[in-house]
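Order of the sequence lines sets the chain letters (A, B, ...), proteins ahead of strands, with each chain counted from 1. Everything numeric in this text was worked out from a predicted model, so none of it was measured.
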2 protein chains.
Amino acid sequence: MNENSNSVNIDQKQRGYHHGNLRAVLVSEGLNALQEKDADDISLRAVARRTGVSATSVYRHFPDKQAFVEALCAEGSRMLAAAQREAMLSSGGGQNGLDATGLAYVNFALANPTLFRLMSRAAPSETGLGGAKDPAMQELMSNVATLLPKDVSEERRRIRALHAWSVVHGITMLVLEGRLPRDIETIKGVIQTPVD
Amino acid sequence: MNENSNSVNIDQKQRGYHHGNLRAVLVSEGLNALQEKDADDISLRAVARRTGVSATSVYRHFPDKQAFVEALCAEGSRMLAAAQREAMLSSGGGQNGLDATGLAYVNFALANPTLFRLMSRAAPSETGLGGAKDPAMQELMSNVATLLPKDVSEERRRIRALHAWSVVHGITMLVLEGRLPRDIETIKGVIQTPVD
DNA sequence: GCAAAAATGTTTACAGTGATAACATGAATG
DNA sequence: CATTCATGTTATCACTGTAAACATTTTTGC
C-alpha cells in the first residue's frame with residue numbers, strides 16, 4: 001500500500017487526482033511545519049493546505065490527528081536514535097561516549113524543539129517509542145551497565161541508568177522551556193557531573 | 001456557589017448580574033477542571049460553563065487564554081513552593097532536606113499532572129515563575145551551596161544546583177509522560193543517587 | 001480484457017474553539 | 001441623584017477536528 005519510511009524520500013511525479021505519495025509527503029510537510037515553530041500546536045488543515053491537498057484527505061491515511069502526530073513522533077525518534085548512535089560511535093564509547101549521546105540528545109532537542117516536545121508529550125504506551133522499552137533506552141541501560149564495577153547490583157545499575165536519563169532529559173526540558181539559558185558549556189557541565 | 005480550595009478563598013454570595021468574584025472563581029474552577037484531566041488542554045468555554053457564566057465573561061478578567069493559563073500556573077507555583085518549603089522544614093534540612101524537596105516536587109507533579117505540565121510548558125519569561133530567578137530556584141541554589149565544601153568554586157556550585165534540578169525535573173517528566181512506571185522507590189533511588 | 005471492488009481523493013457540513021464588538025446592568029463616584 | 005466605569009451578556013467571526021456523501025483512479029477476480 002504505502003512505503004513511506006524513515007528519511008522520507010519524495011519524488012514521484014504529481015498526477016492529477018491521485019497524489020501517489022500523500023502519506024509520506026504529509027509527514028514530511030508536517031515536520032517542516034514544526035520547524036517553523038510559530039504555533040506550538042499543529043493544524044491538520046494547515047499541513048494539508050501547504051501540501052496542496054484538501055483538508056480531509058489526511059483522514060485517508062490517518063484515523064485522526066493523534067495518529068498523524070504519532071507518525072511525526074516516530075520519524076523524530078528515528079532521527080534522534082540515529083544521532084545518538086553516531087555520537088556514541090564517533091566518540092569511542094566508554095564514559096566519554098555516554099556523555100556524547102547525552103549531548104546529542106540535548107542538541108537534537110534544541111534543533112527540533114517543537115518536534116521534541118511533541119515526542120515527549122505523546123503517550124508512548126501505544127508505540128513503545130520513548131518508553132523504557134525503546135531500543136534507545138535499552139542501549140542506554142547496557143551502556144551504563146558496562147561502566148559500573150562488576151560488584152554493583154542489577155538494581156543499582158538500573159537506578160544509575162535512570163539517573164543518567166533523568167539528568168539529560170531534565171536539563172533538556174529546562175532549557176527548552178526557557179527556564180535555563182541555552183548555554184552549551186553549562187549543559188555539558190551538568191551532563192558530565194560525576195556520580196558516586 | 002462554590003468555595004473550593006486552598007489559596008483561592010471565595011465566599012461572597014451570588015447576586016444576580018454581577019458575580020462579585022468571578023476572577024477567583026474562574027481560576028479555582030480552572031484548577032478543578034485540570035484535575036479531571038480528561039482533555040490535556042483546557043477550554044475557556046468549558047471553564048465558563050462550569051462556573052455558570054457566559055463564555056466571554058472570561059475576557060473581562062484576562063486579556064486572552066494565555067493570561068488565564070498563566071494565572072493557573074501562578075497558583076500552581078505557589079502550591080508547589082509551599083509543599084517544598086514544608087518538606088524542607090519537616091525534614092531538618094541538609095542533604096536529607098534537599099532530597100525531601102526533590103521528592104515533594106515529584107509528588108506535586110504526580111498529584112497534579114495536568115497543572116504541572118501546564119506550568120512546565122508556559123513561557124516563564126513573563127512571570128519569572130519557574131525560571132532561574134524563581135524564589136524556589138534561588139532557594140535550591142543556596143541549599144545546594146551550603147552542602148558543598150568551602151573550596152568549591154562558585155561556578156561548580158551553580159552546576160551542581162542545576163544538576164540537582166535537572167535530575168528531579170527529568171525523573172518527574174519521564175514518569176509523568178508515562179515513559180517510566182510510577183514507582184516511588186525507584187524515584188527516591190534516582191533522586192538520592194550521590195554525586196561526586 | 002473488463003466489470004466489480006477497493007483505495008484514495010474532493011466537497012459539504014457540523015459542532016466546538018478563541019476572540020472581537022455591541023449592548024446591558026449594576027456599582028461607585030462626583 | 002446623575003454620570004461613569006466595571007463587569008456581565010448576546011451576536012458574530014474565522015478556524016479547527018471530524019464525519020458523510022460523492023468522485024476518480026487503481027487493483028483485482030473472472
Q: Is the phosphate of C/dT17 approached by B/Ser43 (side-chain N or O, under 4.0 Å from OP1 or OP2)?
A: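 Yes, such a contact exists.
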Q: Do the side-chain N or O atoms of A/Arg49 get closer than 4.0 angstrom to the phosphate oxygens (OP1, OP2) of D/dC15?
A: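 No, A/Arg49 has no side-chain N/O under 4.0 Å of OP1/OP2 on D/dC15.
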Q: Reading DNA chain D from 5' onward, which residue's closest nucleotide shows up sooner: B/Val53 or A/Asp64?
A: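 Between the two, 5'-proximity favours B/Val53.
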Q: For B/His61 and D/dG8, is the shortest distance between a side-chain N/O and OP1 or OP2 below 4.0 Å?
A: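 Yes, because at least one side-chain N or O of B/His61 sits under 4.0 Å from OP1 or OP2 of D/dG8.
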Q: CZ of A/Arg60 versus P of D/dA21: gap in Å, rounded?
A: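 It works out to 12 Å between those atoms.
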Q: Rounded off to whole Å, could you give me the OH-to-P distance for the B/Tyr59 and D/dT10 pair?
A: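 In whole Å, D/dT10 P lies 16 Å from B/Tyr59 OH.
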Q: Quick one: does B/Arg45 reach the base of C/dG16 with a side-chain donor-acceptor pair under 3.5 Å?
A: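 Under the 3.5 Å cut-off, the side chain and the base do not form any donor-acceptor pair.
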Q: Please tell me if A/Ser54 has a side-chain N or O lying less than 4.0 Å from either OP1 or OP2 of C/dT10.
A: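 For C/dT10, OP1 or OP2 has a side-chain N or O of A/Ser54 closer than 4.0 Å.
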Q: Give the cluster check for B/Leu98 versus B/Leu89: same hydrophobic cluster or not, with ILVMFWY residues linked at side-chain heavy-atom distances below 4.5 Å.
A: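 Hydrophobic grouping puts B/Leu98 apart from B/Leu89.
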Q: Say whether B/Gln95 and B/Asp99, considering side chains only, have a donor N or O and an acceptor N or O under 3.5 Å apart.
A: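 Short answer, yes.
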Q: Please step through side-chain hydrogen bond (donor to acceptor under 3.5 Å, both in side chains) for the pair A/Arg49 and A/Ser43, ending with a clear verdict.
A: CA-CA 10 Å; A/Arg49 220 176 293 132; A/Ser43 135; 4.8 Å; no
Q: Quickly work out the A/Phe62 CZ to D/dT18 P distance and round it to whole Å.
A: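 Going from A/Phe62 (CZ) to D/dT18 (P), I get 13 Å.
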Q: With distance as the sole criterion, do the side chain of B/Thr56 and the base of C/dT20 form a donor-acceptor contact below 3.5 Å?
A: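 Checked by distance alone, the answer is no.
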Q: Between the main-chain N or O of A/Val47 and the side-chain N or O of A/Thr51, is there a donor-acceptor pair closer than 3.5 Å?
A: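 Side chain of A/Thr51 to backbone of A/Val47, a donor-acceptor pair under 3.5 Å: yes, one is there.
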